Protein chains: 2
Amino acid sequence: MSKKGERRRAEVIAAAVEIFARDGFNGASFASVAEAVDLTLPGLLHYFPNKVDLLLEVLEWRDDNSGIPANSAAIGWRDMLEQLQCLNRKNAGMPGVVRVFSILNAEALTENHPASDWFDERFSHIRDIMAGSFARGIAAGEITTGVDPEMIANEVIAFMDGLQVAWLRSPDKVDMVKSFDSYVARLIRSIETGKD
Amino acid sequence: MSKKGERRRAEVIAAAVEIFARDGFNGASFASVAEAVDLTLPGLLHYFPNKVDLLLEVLEWRDDNSGIPANSAAIGWRDMLEQLQCLNRKNAGMPGVVRVFSILNAEALTENHPASDWFDERFSHIRDIMAGSFARGIAAGEITTGVDPEMIANEVIAFMDGLQVAWLRSPDKVDMVKSFDSYVARLIRSIETGKD
DNA sequence: GTCTATATGCGGATAGAC
DNA sequence: GTCTATCCGCATATAGAC
């Protein structure tokens, strides 16, 4: 709990983000994280009792620093989409962070992966917020009644995630910002009710 | 090359698909594949000289059995989208296969992953076919001139891949077929030129 | 708070017999 | 074509000294 201890822990998490981004969680060795912060493996184990625990703290760190609005319960759907575009723009500037989460996200699909629950909950939490937002848009007559709020929420999330993977694979072939903006613009045009 | 040998190899590949789907490539042990086909590890090594080689053959097997049209160079964009919907429908019936490729796809984003090249090439190949298709649609006046063929191609691929991950994570919350169909329908409406 | 030394187990791969 | 036996290396983790 000492000041120096806290600083050390933060250093470790930052290093872990980079290493998990490069090798995934399964592929990364705990020792390589230790080395990155000039500790021996037992030295690192003093701060994090095991590798899984470190992973969970990395994920938690993301929660704190993510652009995901914690309590934006009643946000309007246009504002919500704009916020996502903003987040996406920020992401485009930090490929390392996007890498960790894209890789861990898929890795967590494997059996008994320690991050499964975290991604499950994150996914359903975001979906709920977004679906609610779209639902209110429909109720307010701003969105066509034919639209299924949950389905559109899923769609936007799926596209964002898939786009990140495509961008990481071919950064020079995929313009993540332009692509997402163009998608959102088309989405809005196609679900909003006629000009009123 | 014997008949029995070929059959054995096919069995192994089928087993590997299942095991890689469950554990990923990094997570899966070569020995567990051997066990699944009632072989010892050295017995399996007789057929596949190493683990990476097995992975590459699994990927190759996918190429042969995938719905990706090998030489559909001049396919129309509407037909092409319909083919994707058809593929997607088939995918919805074989979650195991989708799992392997979703997991490997992301795992291959890690440094020095043996499947990186395969996914790179697959991605750019599909994008080229699709982009060409959209480009001809624009030239023919069927698609709005404002549309960027490569960007839309990337978008469709990214959405398909992201949707698969979302579906695998929450099969009961994500209807992959309905979601993709609804997306494609909206895409068409928003890029086609006005009724003529 | 950080180290040395070490235990333990697993993963991939080889040698060589049958 | 398949096995037994075995090697090597790495990874997580522990014990205990400083």
Side-chain angles (χ1 to χ4, degrees), chain A residues 1-59 103-104 107-108 110-115, chain B residues 1-59 100 103-104 107-108 110-116:
Chain A
M1 286 299 186
S2 78
K3 206 155 203 165
K4 187 176 174 191
E6 281 307 304
R7 193 155 23 91
R8 266 297 209 197
R9 289 177 66 87
E11 277 176 46
V12 172
I13 289 175
V17 166
E18 271 185 48
I19 289 171
F20 289 165
R22 196 188 57 210
D23 303 328
F25 173 71
N26 285 327
S29 90
F30 204 38
S32 70
V33 177
E35 195 186 0
V37 292
D38 279 314
L39 274 177
T40 56
L41 202 161
L44 175 58
L45 283 163
H46 173 71
Y47 294 98
F48 299 89
N50 57 57
K51 195 183 164 189
V52 169
D53 198 81
L54 172 57
L55 171 65
L56 296 179
E57 296 225 27
V58 165
L59 296 174
I103 291 173
L104 292 181
E107 218 179 34
T110 58
E111 203 111 310
N112 301 328
H113 194 283
Chain B
M1 287 295 187
S2 77
K3 207 155 202 165
K4 187 177 174 189
E6 282 306 304
R7 194 154 25 89
R8 264 301 206 194
R9 289 176 67 87
E11 276 176 46
V12 172
I13 289 175
V17 166
E18 270 185 50
I19 289 171
F20 290 165
R22 197 187 55 208
D23 302 328
F25 173 73
N26 285 330
S29 89
F30 204 38
S32 70
V33 177
E35 196 185 1
V37 293
D38 279 315
L39 274 178
T40 57
L41 203 162
L44 175 57
L45 283 163
H46 173 71
Y47 295 98
F48 300 89
N50 58 57
K51 195 185 166 190
V52 169
D53 199 81
L54 172 57
L55 171 66
L56 297 179
E57 297 226 28
V58 165
L59 296 174
V100 209
I103 291 173
L104 293 181
E107 217 179 33
T110 57
E111 202 111 310
N112 301 328
H113 195 283
S116 298

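Numbered from 1 within each chain, the chains take letters A, B, ... in sequence-line order. Please read all numbers here as calculations on a predicted model, not as lab measurements.
Remark: the backbone N or O of Ser32(B) is paired with a side-chain donor or acceptor of Ser29(B) at under 3.5 angstrom.
Applying the salt bridge (Lys or Arg N to Asp or Glu O under 4.0 Å) criterion to Glu35(A), with sequence neighbours excluded, gives no partner residue. Residues satisfying the side-chain contact (heavy atoms from CB on, under 4.5 Å) test with Thr40(A), not counting sequence neighbours, are Pro42(A). Judged as a side-chain contact (heavy atoms from CB on, under 4.5 Å), and not counting sequence neighbours, the contacts of Leu45(B) are Phe30(B), Leu41(B).
At whole-Å resolution of the value, NE2 in His46(B) and C1' in dT14(C) are 15 Å apart. Spacing between atom CG of Leu44(B) and atom P of dC3(D) amounts to 10 Å, rounded to whole angstrom units. Separating the CZ atom of Arg9(B) from the C1' atom of dG1(D) is a distance of 13 Å, rounded to the nearest angstrom. A straight line from CG of Asp53(A) to C1' of dA13(D) spans 14 Å, rounded to a whole angstrom. Between Leu45(A) atom CG and dG16(D) atom P the separation is 16 Å, expressed in whole Å. A straight line from CG of Leu54(A) to P of dA13(D) spans 11 Å, rounded to a whole angstrom. In this structure, NZ of Lys51(B) is placed 15 Å from P of dT14(C), rounded to the nearest angstrom.
Note that the CG atom of Leu54(A) and the CZ atom of Phe25(A) stand 8.0 Å from one another [nearest 0.5 Å].
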Hey, can you pull the donor-acceptor pairs under 3.5 Å for the side chains in residues 7-21 of chain B, sequence neighbours left out?
from, atom 1, to, atom 2, distance (Å)
Arg8(B), NH1, Val37(B), O, 3.3
Arg9(B), NH1, Tyr47(B), O, 2.8
Arg9(B), NH2, Glu57(B), OE1, 3.0
Arg9(B), NH2, Glu57(B), OE2, 2.5

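Shown for residues 10-42 of chain B: residues whose heavy atoms fall under 4.0 angstrom of DNA chain D, namely Leu39(B), Thr40(B), Pro42(B).
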